[in-house]
> 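Sharing a structure below in structure tokens format, with a few things to ask.
The figures that follow rest on heavy atoms only: side chains count, while hydrogens, waters and symmetry mates do not.
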Amino acid sequence: MLLRTPPGERLTDLETWIGDQGVLHVTGSLYDAGRFTGTPFAGLVLKPLARSAEESLGVAWTFGTLLLVAVLGVVVARAMPGPVSRRTALLGAPVAISLLMLSLPVRNTFHLGQTSIIPVLFVLLGCFQARGERSSGVLIGIAAALQPTVLLFAPLLWLTGRRRAALTTGATFAACSALAWAALPQDSWAYWVHHVAGAGLGARPDSLANQSLHGALLRFGLEGPLEIALFLLLAATVAVLGLRRAVRYARDGQLLLAVALTGCVAVAVSPTAWQHQLLWVLLAVVGRVGKRSSDRRVWPAAVVLVMTLPGTMLLPNVAPLIPVRDNALLVAALAAACAVPFVSRTSPYWLRPLPTAYAKPAAGRWRRVPLLPFWRRVLTRPNLLLELLLIRAGYSAYSEVRTAAAGGRTAAEENARQIVSAEQFLHLDIERRINHAVAELDPLEAFFNFYYSSFHFFVPLTILALLYVRRPADYRWARSSLGFATVLALVGFWLYPLAPPRLMPGLGYIDTVHGAQDLASPEYGALTALTNQYAAMPSLHFGWSLWCGLVVVLIAPKLWMKLLGLLHPFFTVCAIVATANHWVLDAVGGAAVVAAGLGLTYVLAGPRKLLQPASATDQPASAAEREPSLPRADMCEGGEMPAGSAGSGSGTPK
């Protein structure tokens, strides 16, 4: 795909080397054009690589980078602390390479034509593959000459007893820098003295691309001597804390984790840490966190999400969260270096974490329910941070796919005419009468406009929150069914673009929410740029509201609560029709995807109701039972634990 991209749109930073004003064609200083940000040594040794890229139009550069990523993944997989299972040994390298390829730093490296993979690879080769401390120090020293903050690995080597390697690292760095100074004295002066180790090169240091403490402080509005003093203080604190933790884990036998933590420190304390230089953060995924097996996935999932998705997909555009969203990569690096309590290899939970409590489903009506036996019903409450991240990332992905699923105005209007014909045949074409009747009554119009705009997200999130706190076993079932329904709706948006009534010319509908639209124009104002207005079939406004009503009916203990829950889908279907945002058959489609979502959850996970234990004395003692008992909210209906909840987690529900 990259090679099919037009040359002007791929490897854009390769223009720094091969463009008309690139490094290969500049007769004066490397930094005259203001585009090159590497060390003088990098400019000295990477010119041949750039020359080959110029001659092959980037093909050699692309495949060379692919090879480096593959080698890096293999080295990481082989460096994982043992003992490892056969499955881990078999899948370690493919999984590592896949995660590297998906990560933002590697994607930027391919797109921009950067070389930031080389220092990371040299450090890993020096720590895990080099024979002897001298060769190890040479590799890490060369990496430091390419990326100066890699010098932080010299203290790690020294404090872990590899003093010859540490000294060799420093000597190699000094020799490489001296060689560059002899060959390029003007450039060396500009980089090391005038720009203070490159701090003033490249994009503005307060841009979001600079994920270092220095960049974050500048974005917070600090500047001048106060910002410099605070940055130096914070950098020293992070360096001390991070290196102490790295040394402790290295002595514990987790050298790969120690390398990752040291790299995270380098990211935080560097004056500029551009996105393509943040690969160290992804390596921290190897750390194990938590005593329970159900908690072990939280840290890796959080790191992978942060390293593969932009911050706008992880956190909403809410003022208190904007500083975290804009500095998500830095927050992950600081957390890994200074805060996350990774499990020691001497801990009894290293190989045998506390097992997850699985619930045994009740007997289903079909013989093969659940269809996939490895999808077992989990009893305990899921991790809140992971749930929030997954829900936010899932909704962001849903929004992106929904926006991309535009089928064109002609197809959408033709499909709308099919819907109108079908409704006329079924005598369901009531939208225009209701729309005009509501538009003539200002209080009613205001009510339905507000209901359409506000309750769509608020009610489902509230129900999910209540289930998470009070009914965790039902939370998982409800969340899964809602997710399935949403995914199925995306398929409908993609296959059947449909113009809503308000965007059908000549039918006389009144858009009470968005105001009048210029239907003679191919574009309908700013709203079209924000969302796909032809994602109408099925109606998720009604589908999500129906899901809310069904959950309340199934869960609520009192009749008045069940009736109150059914009011939400009733008001929603009235709102979507009254505001001319959906056809009646769109609501039928929403009901269909919700029914399909509930059915898929039943088939894959089994019935919602769980078996009650025959007798508490019949359950064998286990590690889960020896732990403090679960809170009452983690129990099933009636306050009793379901059968199989005290099992080891390795059994399969029948």
> Could you note down all residue pairs passing side chain to side chain donor-acceptor pair (under 3.5 Å) where residues 584-607 supplies at least one of them, sequence neighbours left out?
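Of all non-adjacent pairs touching residues 584-607, those that pass side chain to side chain donor-acceptor pair (under 3.5 Å) are His582-Asp586.
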> I'd like to check Trp583 versus Leu498 (side-chain heavy atoms, cut-off strictly below 4.5 Å). Are they in contact?
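Touching, per the 4.5 Å side-chain cut-off.
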> Are the side chain of Lys562 and the backbone of Leu554 linked by a donor-acceptor contact shorter than 3.5 Å?
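A pair under 3.5 Å: no.
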> Is any side-chain heavy atom of Val298 closer than 4.5 Å to a side-chain heavy atom of Val289?
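Contact flag for Val298/Val289 side chains = no.
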> How many angstroms lie between CG in Leu461 and CG in Leu466, if you round to the nearest 0.5 Å?
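Going from CG on Leu461 over to CG on Leu466, the span is 11.0 Å.
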> Which heavy atom of Leu102 sits nearest a heavy atom of Arg107, and at what distance?
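Nearest heavy atoms, Leu102 then Arg107: O-NH1, 2.6 Å.
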> To the nearest 0.5 angstrom, please state how far the CG atom of Leu386 sits from the CG atom of Asp295.
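Atom-to-atom, Leu386:CG and Asp295:CG are 9.5 Å apart.
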> Tabulate below the donor-acceptor pairs under 3.5 Å that side-chain atoms of residues 299-311 make, not counting sequence neighbours, or state none.
unit_1: Trp299; atom_1: NE1; unit_2: Ala284; atom_2: O; d: 2.9
unit_1: Thr308; atom_1: OG1; unit_2: Val304; atom_2: O; d: 2.5

> With heavy-atom distances below 4.5 Å as the criterion, would you say the side chains of Met504 and Glu413 are in contact?
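A side-chain contact under 4.5 Å exists here.
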> Does any non-hydrogen side-chain atom of Thr462 lie less than 4.5 Å from one of Phe458?
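A side-chain contact under 4.5 Å exists here.
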> Go through Val420 and Gln424 one step at a time and tell me if the side chain to side chain contact (heavy atoms under 4.5 Å, CB included) criterion holds.
CA-CA 6 Å; Val420 171; Gln424 289 175 347; 3.6 Å; yes
> So does Tyr496 get a backbone contact from the side chain of Asn415, meaning a donor-acceptor N/O pair under 3.5 Å?
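The answer is no, because no donor-acceptor pair under 3.5 Å joins these two groups.
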> Where does the angle between the aromatic ring planes of His541 and Tyr452 fall among parallel (under 30°), tilted (30 to 60°) and perpendicular (over 60°)?
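Geometry flag for Tyr452 against His541: parallel rings.
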> Does Pro538 reach the side chain of Phe493, with side-chain heavy atoms less than 4.5 Å apart?
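When only atoms from C-beta onward are counted, Phe493 and Pro538 do touch, with a gap below 4.5 Å.
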> Answer yes or no: is there a side-chain heavy-atom contact under 4.5 Å between Val551 and Leu467?
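Side-chain contact under 4.5 Å: yes.
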> Do you know which two heavy atoms are closest between Ala416 and Ala499, and how far apart they sit?
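Answer, listing the atom of Ala416 first, then Ala499: CB-O, 3.5 Å.
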> Which heavy atom of Gly549 sits nearest to which heavy atom of Leu566, and what is that distance?
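It is O-CD2, 4.4 Å.
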> Can you pull out every salt bridge (charged side-chain N to carboxylate O under 4.0 Å, His left out) where at least one residue sits in residues 415-442? Sequence neighbours excluded, please.
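Every salt bridge (charged side-chain N to carboxylate O under 4.0 Å, His left out) pair that includes a residue of residues 415-442, provided the two are not neighbours, is Glu414-Arg417.
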> Would Arg381 pass as a cation-pi partner of Tyr475, given that its NZ or CZ must be under 6.0 Å from the six-membered ring centre and within 45 degrees of the axis?
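Pair Arg381/Tyr475 does not count as cation-pi.
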> Within a reach of under 6.0 Å around CZ of Phe457, are more than 12 heavy atoms found that belong to other residues, nucleotides or ligands?
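More than 12 heavy atoms, drawn from other residues, nucleotides or ligands, come within 6.0 Å of this atom.
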> Do you know the tightest heavy-atom contact between Cys574 and Phe448?
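Closest heavy-atom pair between Cys574 and Phe448: CB-CE2, 3.6 Å.
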> Is any side-chain heavy atom of Val594 closer than 4.5 Å to one of Leu482?
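When only atoms from C-beta onward are counted, Val594 and Leu482 do not touch, as no gap falls below 4.5 Å.
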> Let's go through Ser294 and Asn383 carefully: what are the C-alpha distance in whole Å and the side-chain angles of both, what is the deciding distance for side chain to side chain contact (heavy atoms under 4.5 Å, CB included) to 0.1 Å, and is it a yes or a no?
CA-CA 8 Å; Ser294 57; Asn383 182 274; over 6 Å; no
> Of all heavy-atom pairs between Ser481 and Ala478, which one has the smallest distance, and what is that distance?
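Here Ser481 and Ala478 meet closest at OG-O, 2.8 Å.
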> Examine distances only and state if a side-chain atom of Asn449 and a backbone atom of Thr512 form a donor-acceptor pair shorter than 3.5 Å.
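Flag set: sc Asn449 to bb Thr512 pair under 3.5 Å.
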> How far apart are the C-alpha atoms of Leu283 and Trp280, what are their side-chain angles, what is the distance that settles it, and do they pass the side chain to side chain contact (heavy atoms under 4.5 Å, CB included) test?
CA-CA 5 Å; Leu283 299 183; Trp280 303 107; 4.0 Å; yes
> Quick one: does Ser453's side chain have a donor or acceptor within less than 3.5 Å of a partner on Phe450's backbone?
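Absent.
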> Donor-acceptor check, side chain of Asn435 to backbone of Tyr509, threshold 3.5 angstrom: yes or no?
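Such a contact is absent between Asn435 side chain and Tyr509 backbone.
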> List for me each residue that meets side chain to side chain donor-acceptor pair (under 3.5 Å) alongside Thr572, sequence neighbours excluded, and say none if there are none.
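With sequence neighbours excluded, Thr572 shows a side chain to side chain donor-acceptor pair (under 3.5 Å) to no residue whatsoever.
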> Looking at Gln277 and Trp274, would you say the former's side chain and the latter's main chain have a donor-acceptor pair under 3.5 Å?
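Side chain of Gln277 to backbone of Trp274, a donor-acceptor pair under 3.5 Å: yes, one is there.
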> Within this structure, what is the CG-CG distance for the pair Leu282 and Leu104, rounded to the nearest 0.5 Å?
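Going from the CG atom of Leu282 to the CG atom of Leu104 covers 10.0 Å.
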> Just to verify, what does Arg479 make a salt bridge (charged side-chain N to carboxylate O under 4.0 Å, His left out) with, not counting sequence neighbours?
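In terms of salt bridge (charged side-chain N to carboxylate O under 4.0 Å, His left out), with neighbours along the sequence ignored, Arg479 is linked to Glu387.
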> Could you give the side-chain donor-acceptor pairs of residues 321-330 under 3.5 Å, partners two or more places apart or in another chain?
unit_1: Arg325; atom_1: NH1; unit_2: Asn317; atom_2: OD1; d: 3.2
unit_1: Asn327; atom_1: OD1; unit_2: Arg219; atom_2: NE; d: 3.3
unit_1: Asn327; atom_1: OD1; unit_2: Arg219; atom_2: NH2; d: 2.4
unit_1: Asn327; atom_1: ND2; unit_2: Pro323; atom_2: O; d: 2.7

> Would you name the heavy atoms of Val552 and Gly565 that are closest together and state the gap between them?
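The answer is CG1-CA, 3.7 Å.
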> Do Ile97 and Met101 have side chains that get closer than 4.5 Å, going by heavy atoms?
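They are in contact (side-chain heavy atoms under 4.5 Å apart), so the answer is yes.
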> Applying the side chain to side chain contact (heavy atoms under 4.5 Å, CB included) test to Ile463, which of Trp547, Tyr468, Trp544 qualifies?
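With Ile463 as partner, Trp547, Tyr468, Trp544 yield a single side chain to side chain contact (heavy atoms under 4.5 Å, CB included), made by Trp547.
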> With side chain to side chain contact (heavy atoms under 4.5 Å, CB included) as the test, would you mind laying out the steps for Met561 and Val553 before giving the verdict?
CA-CA 8 Å; Met561 296 179 180; Val553 168; over 6 Å; no
> Taking atom CE of Met537 and atom CD of Gln418, what is their separation to the nearest 0.5 Å?
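Met537 atom CE to Gln418 atom CD measures 10.5 Å (nearest 0.5 Å).
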> Would you call the rings of Phe447 and Tyr451 parallel, tilted or perpendicular, taking 30° and 60° as the class edges?
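Rings of Phe447 and Tyr451: tilted, 30 to 60°.
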> Roughly how far, to the nearest 0.5 Å, is the OG1 atom of Thr65 from the CG atom of Leu67?
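Spacing of CG (Leu67) from OG1 (Thr65) equals 9.5 Å.
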